[in-house]
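Before any comments, here is the structure.
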Amino acid sequence: AGILVGQHLGENRESLAARAAWNSVLIGMAYMAVISAMYLLVPGLFLWGFFSVGEVPKENTGEVRELAIVLMRFVAAYNIFDAALTIFSGALKGAGDTKFILLISLGLGLLLASVSYLAVVQMSANVIVCWQIVTGWVWLGGAVFTWRFMAGPWRKMRVIEQT
């Protein structure tokens, strides 16, 4: 998406740049929807290798496997937003909107670190609460980068100035 957006903007073809980004998002979201459905419907397929080699002591296998299945549900819940976050941030980078990417990435990173610290250290949160925080953080990031892309200031940016 980043390469296509950059190339099309360099050709002054903003509509093709937008189309390339949206097509990338649709492909990414379709892929992540399939993976998310598999995480929900056949989690054992992804866990098989971890529990077949005997790395987890037998007395803990059931508990660890059940926790892993719950955590995979969180991943399934944020996969589509993660696709939007990754693809739209790449498209914005390709357009040259790097200052926005930097500031938002720093802000989101500080937000995640701060909220996680408060939850774990100050409130003794468990692993489920931590994954709720991460899921909300990915949703927020996906929403922010989607909003920025849709707002459109990237359409006027050029990485290489026209002569």
Side-chain angles (χ1 to χ4, degrees), residues 1-47 49-50 67-120 123 125-160:
I3 291 168
L4 292 173
V5 167
Q7 287 178 341
H8 291 310
L9 286 180
E11 300 166 343
N12 288 319
R13 299 170 79 183
E14 293 90 8
S15 62
L16 280 180
R19 185 172 166 190
W22 281 109
N23 285 340
S24 298
V25 167
L26 290 175
I27 291 167
M29 287 186 168
Y31 173 78
M32 293 311 260
V34 169
I35 295 299
S36 293
M38 291 175 67
Y39 280 179
L40 296 172
L41 300 173
V42 288
L45 178 69
F46 298 95
L47 298 175
F50 294 102
L67 178 59
I69 290 170
V70 169
L71 299 182
M72 287 174 69
R73 291 178 186 144
F74 282 105
V75 176
Y78 74 61
N79 266 342
I80 291 176
F81 286 90
D82 194 34
L85 186 158
T86 303
I87 295 166
F88 280 135
S89 69
L92 292 168
K93 288 176 199 173
D97 200 0
T98 54
K99 184 176 180 181
F100 177 82
I101 301 288
L102 172 68
L103 295 174
I104 293 301
S105 296
L106 284 173
L108 287 173
L110 288 171
L111 177 67
L112 179 60
S114 301
V115 172
S116 298
Y117 174 81
L118 290 172
V120 172
M123 299 167 46
N126 63 19
V127 68
I128 301 298
V129 172
C130 291
W131 276 84
Q132 289 170 337
I133 292 168
V134 168
T135 300
W137 179 81
V138 173
W139 289 357
L140 176 63
V144 167
F145 287 113
T146 300
W147 165 81
R148 178 65 171 195
F149 186 83
M150 292 177 71
W154 60 271
R155 290 177 179 269
K156 303 295 179 225
M157 297 178 179
R158 298 295 182 269
V159 176
I160 299 173

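- Contact of the L71 side chain with the V75 side chain is not registered, since no non-hydrogen atoms from C-beta on lie closer than 4.5 Å.
- For E14, the side-chain hydrogen bond (donor to acceptor under 3.5 Å, both in side chains) partners are R158, not counting sequence neighbours.
- Residue pairs meeting the side chain to side chain donor-acceptor pair (under 3.5 Å) criterion with at least one member in residues 132-141: none, sequence neighbours excluded.
- Within the structure, salt bridge (charged side-chain N to carboxylate O under 4.0 Å, His left out) pairs that include any residue of residues 126-136 do not occur (at least two apart or interchain).
- V120 and C130 make their closest contact through CG2-SG, 3.4 Å (heavy atoms, listed as atom of the first residue, atom of the second, distance).
- Annotation: I3, atom CD1; neighbour count of heavy atoms from other residues, nucleotides and ligands within 6.0 Å does not exceed 12.
- Sequence neighbours left out, not one pair with a member in residues 104-116 passes side chain to side chain donor-acceptor pair (under 3.5 Å).
- The salt bridge (charged side-chain N to carboxylate O under 4.0 Å, His left out) search around R155 returns none, not counting sequence neighbours.
- With sequence neighbours left out, the side-chain contact (heavy atoms from CB on, under 4.5 Å) criterion links M123 to no other residue.
- Side-chain contact between L4 and Q7: present, with at least one pair of heavy atoms (C-beta onward) separated by less than 4.5 Å.
- The shortest heavy-atom contact between M29 and A84 is CE-CB, 3.7 Å.
- Listed by chain and number, the residues in a side-chain contact (heavy atoms from CB on, under 4.5 Å) with A21 are V5, A91, F149 (sequence neighbours excluded).
- Under the side-chain contact (heavy atoms from CB on, under 4.5 Å) criterion, L40 pairs with R73, A76, sequence neighbours left out.
- Contacts of A33 classified as side-chain contact (heavy atoms from CB on, under 4.5 Å), with partners at least two apart in sequence or in another chain: I80.
- One distance of note links OH of Y78 with CE of M32; it measures 8.0 Å at 0.5 Å rounding.
- If you take OG1 on T146 and CG on L85, they are separated by 8.0 Å, rounding to the nearest 0.5 Å.
- Between S24 and I87, the closest heavy-atom pair is O-CD1, 3.3 Å.
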Dump the intermediate steps for side-chain contact (heavy atoms from CB on, under 4.5 Å) on W131 and V127, then the final yes or no. CA-CA 6 Å; W131 276 84; V127 68; 3.7 Å; yes
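- You'll find the side chain of F100 reaches within 4.5 Å of the side chain of V144, heavy atoms only.
- Residue pairs meeting the side chain to side chain donor-acceptor pair (under 3.5 Å) criterion with at least one member in residues 32-42, sequence neighbours excluded: S36-N79.
- Between L111 and L140 the shortest side-chain heavy-atom distance falls below 4.5 Å.
- Contact record, L41 with P43: C-CD, 3.5 Å, taken as the closest heavy-atom pair.
- Listed by chain and number, the residues in a salt bridge (charged side-chain N to carboxylate O under 4.0 Å, His left out) with D97 are R148 (sequence neighbours excluded).
- Residue pairs meeting the salt bridge (charged side-chain N to carboxylate O under 4.0 Å, His left out) criterion with at least one member in residues 134-145: none, sequence neighbours excluded.
- The shortest heavy-atom contact between W154 and L9 is O-CD1, 3.6 Å.
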